[in-house]
> 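Take a look at this one; I'll ask things after.
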Amino acid sequence: MTLKQTLRLPKFSNQGFTLVELLVGMVVSLLAMGAIYSTFLSQFKSYQVQEEFAAMQQNIRAAMFYMQREIRMAGCDPTGLAGAGITAASATSIHFTEDVWNGTAGGNPDGDVDDSNEDITYNLDDSDGDGVVDELDRNNQTVAQNIDALNFVYLDANGNTTATLADIRSVEITVVARISRGVVPMVNNNTYLNQRGTTILGPQNDNLSRRRLTAFIKCRNLGLN
Ligand SMILES: [Ca+2]
Ligand SMILES: [Ca+2]
Ligand SMILES: [Ca+2]
């Protein structure tokens with residue numbers, strides 16, 4: 001009896017793989033690839049979800065940032081000659097003027113509101129022409145996209161709502177932004193309210209996530225003159 005027979009060593013073929021071995025090998029590697037792919041896909045999807053939410057957050061914050069900064073300065077009129085103030089105020093748009101410079105870098109207010117960035121309107125518009133009024137425009141230039149609602153509430157010196165332009169001292173702004181496409185399997189049937197409890201966006205019943213952001217702005221230049 002030879003050593004090889006004693007140890008019952010398996011007999012290896014030197015003729016390559018059999019068809020069965022090949023098939024088993026292929027199935028195993030396909031399963032492994034499938035597992036890797038589905039892991040990659042779910043990670044990629046959660047990455048996409050995060051990206052979309054981050055974009056929406058950035059969008060709504062940018063919208064609010066611009067409006068807060070400029071509406072706070074509404075009526076800025078250090079010379080008392082410019083007649084600056086809120087010139088039109090509706091629930092969905094605001095038009096105001098401020099004398100903040102003379103059009104020259106570093107220049108002082110010059111008693112008028114005809115220099116750039118002194119006569120400002122914010123409203124929602126369909127600037128991209130897709131049939132949906134969802135762009136926040138500043139003087140007809142889009143500053144934020146995917147904005148479903150923009151709402152202004154005007155308050156007088158006592159904090160009561162007012163429709164009289166000369167009485168406005170502060171503004172409540174509420175913005176509702178949506179994600180640019182559906183990435184979460186759910187139906188959004190939420191109703192969005194402003195700070196007064198008034199509905200500014202009813203249930204959309206779509207699969208788009210939304211965020212609401214509100215701000216209270218004291219217009220420090222109104223009511224000074
Ligand atoms: Ca000016
Ligand atoms: Ca000027
Ligand atoms: Ca649009």
Side-chain angles (χ1 to χ4, degrees), residues 51-88 90-152 165-166 168 173-183 188 190 192 199-213 219-225:
E51 283 280 285
E52 293 289 340
F53 274 92
M56 171 170 65
Q57 200 68 17
Q58 205 170 339
N59 215 19
I60 194 169
R61 286 197 182 284
M64 206 51 116
F65 174 78
Y66 279 108
M67 287 191 288
Q68 270 181 301
R69 197 184 53 177
E70 291 188 320
I71 294 172
R72 187 173 290 133
M73 295 296 286
C76 178
D77 191 358
T79 67
L81 301 169
I86 294 180
T87 53
S90 81
T92 53
S93 74
I94 186 169
H95 180 194
F96 55 94
T97 55
E98 48 198 44
D99 181 22
V100 291
W101 69 329
N102 60 11
T104 309
N108 292 322
D110 59 350
D112 63 38
V113 292
D114 65 359
D115 307 298
S116 62
N117 300 315
E118 291 192 333
D119 188 332
I120 301 158
T121 301
Y122 280 104
N123 64 295
L124 289 189
D125 200 5
D126 182 20
S127 310
D128 66 357
D130 68 349
V132 187
V133 177
D134 59 356
E135 281 81 40
L136 174 69
D137 276 14
R138 176 192 179 278
N139 291 353
N140 296 318
Q141 297 280 316
T142 299
V143 291
Q145 292 175 307
N146 302 317
I147 304 296
D148 281 330
L150 170 68
N151 179 262
F152 299 102
L165 294 180
I168 298 170
I173 311 178
T174 308
V175 179
V176 179
R178 69 162 189 277
I179 210 160
S180 64
R181 62 200 176 89
V183 286
N188 184 349
N190 294 341
Y192 295 88
T199 298
I200 58 169
L201 185 71
Q204 299 297 296
N205 298 313
D206 53 21
N207 68 338
L208 301 175
S209 306
R210 288 181 173 77
R211 285 281 177 278
R212 186 193 80 137
L213 198 62
C219 304
R220 53 191 176 208
N221 295 291
L222 294 179
L224 298 180
N225 298 319

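Order of appearance sets the numbers: ligands from 1, and atoms from 1 within every ligand. Remember, it's a predicted structure, so these values are computed and weren't measured experimentally.
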> Any sub-3.5 Å donor-acceptor pair from Glu135's side-chain atoms to Ser127's backbone N or O?
yes
> Between Thr199 and Gly202 (side chain of the first, backbone of the second, donor and acceptor by atom type, cut-off under 3.5 Å), is there such a pair?
no
> For Asn59, is there any backbone N or O sitting under 3.5 Å from a side-chain donor or acceptor partner on Gln145?
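No; zero donor-acceptor contacts below 3.5 Å.
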> Which one of Glu98, Glu70, Arg138 satisfies the side-chain hydrogen bond (donor to acceptor under 3.5 Å, both in side chains) criterion with Asn117?
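Filter result, single survivor: Arg138.
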> Tell me the protein N, O or S atoms under 3.0 Å from the Ca ion (ligand 2), in chain and number order.
Asp110 OD2, Asp112 OD1, Asp112 OD2, Asp114 OD1, Asp115 OD1, Asp115 OD2
> Determine whether a donor-acceptor pair (N or O, by modelled atom type, separation under 3.5 Å) exists between the side chain of Asn188 and the backbone of Leu208.
yes
> Around the Ca ion (ligand 3), how many protein N, O or S atoms are closer than 3.0 Å?
7
> Is the side chain of Asn139 donor-acceptor paired with the backbone N or O of Thr121 at a distance under 3.5 Å, no angle test?
yes
> Please step through side-chain contact (heavy atoms from CB on, under 4.5 Å) for the pair Ile168 and Leu222, ending with a clear verdict.
CA-CA 7 Å; Ile168 298 170; Leu222 294 179; 4.3 Å; yes
> Under a 4.0 Å threshold between the charged nitrogen and the carboxylate oxygen, would Arg178 count as salt-bridged to Asp206?
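Between Arg178 and Asp206 there is no salt bridge, as every charged N stays at least 4.0 Å from the carboxylate O atoms.
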> So, Trp101 side chain and Ser116 main chain: donor-acceptor pair closer than 3.5 Å or not?
yes
> Please check this pair: side chain of Asp99 against backbone of Asp77, looking for a donor-acceptor N/O pair closer than 3.5 Å.
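Judged by distance alone, no pair lies under 3.5 Å.
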> Report, rounded to 10°, the angle at the Ca ion (ligand 1) between the two atoms OD1 (Asp99) and O (Trp101).
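About 90°, to the nearest ten degrees.
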